[in-house]
Amino acid sequence: ARLHIVIPRPPPPMNTALNTDPGLRCVVHTPSLDWVASPAPGVWRRLLERDGGEVARATSVVRYEAGARFEAHTHGGGEEILVLEGVFEDEHGRYGPGTYIHNPAGSTHAPFTREGCTLLVKLRQLDVRDQQRVVVDPRSTPWRQGLVEGLQVLPLHSFETQHTALVRWAPQTFFNPHRHWGGEEIFVIEGVFSDEHGDYPAGSWLRSPHMSQHQPFSREGCLIFVKTGHLA
């Protein structure tokens, strides 16, 4: 009998324009999206916003199977990573659940995972002048009291008008109506986040444009990743 060996082929080149207009409000429930193969075996993506081919301005949920890796590469427009599950690794360290990594424009690494992980990844969205590498582990970093009772905030990174943080909402926490200069981006990590426009369970991604307004709250409590001031 002849042995037939199938050699996996890389996916075809990607050229995608998805949710590219930052002037439009956008809500995506990521668990309802299909996983799309990446060029690296065992690495899959759910696309939230993307403008370009394999080198693209993009926001994605990325899943690494156990043992998966990417070859060393350089991020021309920088990279932000939030570890949602598992342990992510590169030559600089190991990053457990909740860890935020800010790799500036021009940085290089070779990412991998031994046990598997799921990440929120933002590519090519950093100012080239913002050259600080940042790693924040929420398990060893103190949280701050928020502007209203029931909110705890963990600042992750700031540059000029841009601010990134984790925000934990206790059950039955209500915030004041407010407007976002430079827009706002939210990824719901746990629980249900809400505003007057709807309810957003874990896995929801929201992008609200420059000068948009809302009145957020959480009845059951939630944990969210928030970035503001980058969509002007």
Side-chain angles (χ1 to χ4, degrees), residues 5-14 28-50 53-126 131-143 154 156-157 164-166 168 187-191 202-205 223-225 227:
I5 300 176
V6 178
I7 301 176
R9 295 182 179 181
M14 179 179 290
V28 179
H29 184 237
T30 62
S32 66
L33 300 179
D34 293 333
W35 290 103
V36 178
S38 80
V43 181
W44 303 83
R45 301 172 287 197
R46 283 173 166 160
L47 310 181
L48 306 181
E49 61 173 341
R50 192 174 186 91
E54 277 305 328
V55 178
R57 182 189 187 280
T59 301
S60 310
V61 173
V62 180
R63 186 185 74 203
Y64 280 66
E65 297 175 2
R69 64 177 57 243
F70 256 102
E71 297 299 323
H73 56 278
T74 300
H75 291 291
E79 176 185 50
E80 291 174 282
I81 297 171
L82 180 69
V83 182
L84 301 175
E85 297 176 351
V87 178
F88 176 70
E89 304 176 63
D90 63 15
E91 65 269 39
H92 306 297
R94 286 169 53 88
Y95 316 100
T99 302
Y100 169 79
I101 307 158
H102 176 282
N103 291 323
S107 59
T108 299
H109 71 158
F112 65 96
T113 179
R114 279 171 270 199
E115 62 190 61
C117 62
T118 304
L119 318 170
L120 176 69
V121 180
K122 297 180 64 61
L123 295 174
R124 304 180 68 83
Q125 300 180 43
L126 301 178
Q131 285 295 304
Q132 182 183 10
R133 184 174 188 267
V134 177
V135 177
V136 179
D137 184 344
R139 298 168 297 181
S140 58
T141 307
W143 292 62
L154 178 59
L156 300 174
H157 183 61
T164 307
L166 294 175
R168 187 177 296 280
F187 185 85
V188 183
I189 303 169
E190 301 172 0
S204 297
W205 176 74
L223 174 64
I224 61 175
F225 169 87
K227 185 169 185 177

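Note that the coordinates shown come from a computational prediction; the quantities given were computed from them, not determined experimentally.
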Mind checking whether [X] and [Y] have side chains closer than 4.5 Å, heavy atoms only?
X: V62; Y: T118; value: no
X: R69; Y: P111; value: no
X: H157; Y: Q132; value: yes
X: V43; Y: F70; value: yes
X: H109; Y: H92; value: yes
X: R57; Y: L123; value: no
X: Y100; Y: T164; value: yes
X: I189; Y: L82; value: yes

Exercise: identify the closest heavy-atom pair between [X] and [Y]:
X: P138; Y: G98; result: CD-O, 3.2 Å
X: V134; Y: V136; result: CG1-CG2, 3.7 Å
X: L47; Y: L33; result: O-CD1, 3.5 Å
X: W35; Y: V61; result: CZ3-O, 3.6 Å
X: G42; Y: A68; result: O-CB, 3.6 Å
X: T108; Y: E91; result: O-OE2, 3.9 Å

Output the distance between atom CG (L166) and atom CZ (F187), rounded to the nearest 0.5 Å.
->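 Answer rounded to 0.5 Å: 12.0 Å.
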
Which distance, rounded to the nearest 0.5 Å, do you find between the CG of L126 and the OG of S107?
->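 Going from the CG atom of L126 to the OG atom of S107 covers 8.5 Å.
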
When you measure from the side chain of [X] to the backbone N and O of [Y], does any donor-acceptor pair fall under 3.5 Å?
X: S60; Y: R45; answer: no
X: Q125; Y: A58; answer: yes
X: T99; Y: G96; answer: yes
X: T74; Y: G76; answer: no
X: E89; Y: R114; answer: yes
X: H73; Y: E71; answer: yes
X: T113; Y: F88; answer: no

Residue pair Y95 / D90, side-chain donor-acceptor N/O under 3.5 Å =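 Yes, a side-chain donor-acceptor pair sits under 3.5 Å.
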
Examine the side chains of W205 and E49 and answer whether a donor and an acceptor come within less than 3.5 Å of each other.
->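 There is no such pair between these side chains.
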
R168 NZ/CZ over W143 ring centroid, <6.0 Å and within 45° of normal |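 Geometry flag: set, cation within 6.0 Å and 45°.
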
Sole candidate of K122, R46, E80, R50 that passes side-chain hydrogen bond (donor to acceptor under 3.5 Å, both in side chains) when paired with T59 =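 So, applying the side-chain hydrogen bond (donor to acceptor under 3.5 Å, both in side chains) to T59 and each of K122, R46, E80, R50, only K122 qualifies.
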
From CA spacing to verdict: side-chain contact (heavy atoms from CB on, under 4.5 Å), I101, R133 | CA-CA 8 Å; I101 307 158; R133 184 174 188 267; 4.1 Å; yes

Go through the steps for L119 and Y64 under the test side-chain contact (heavy atoms from CB on, under 4.5 Å), then give the verdict.
-> CA-CA 8 Å; L119 318 170; Y64 280 66; 3.8 Å; yes

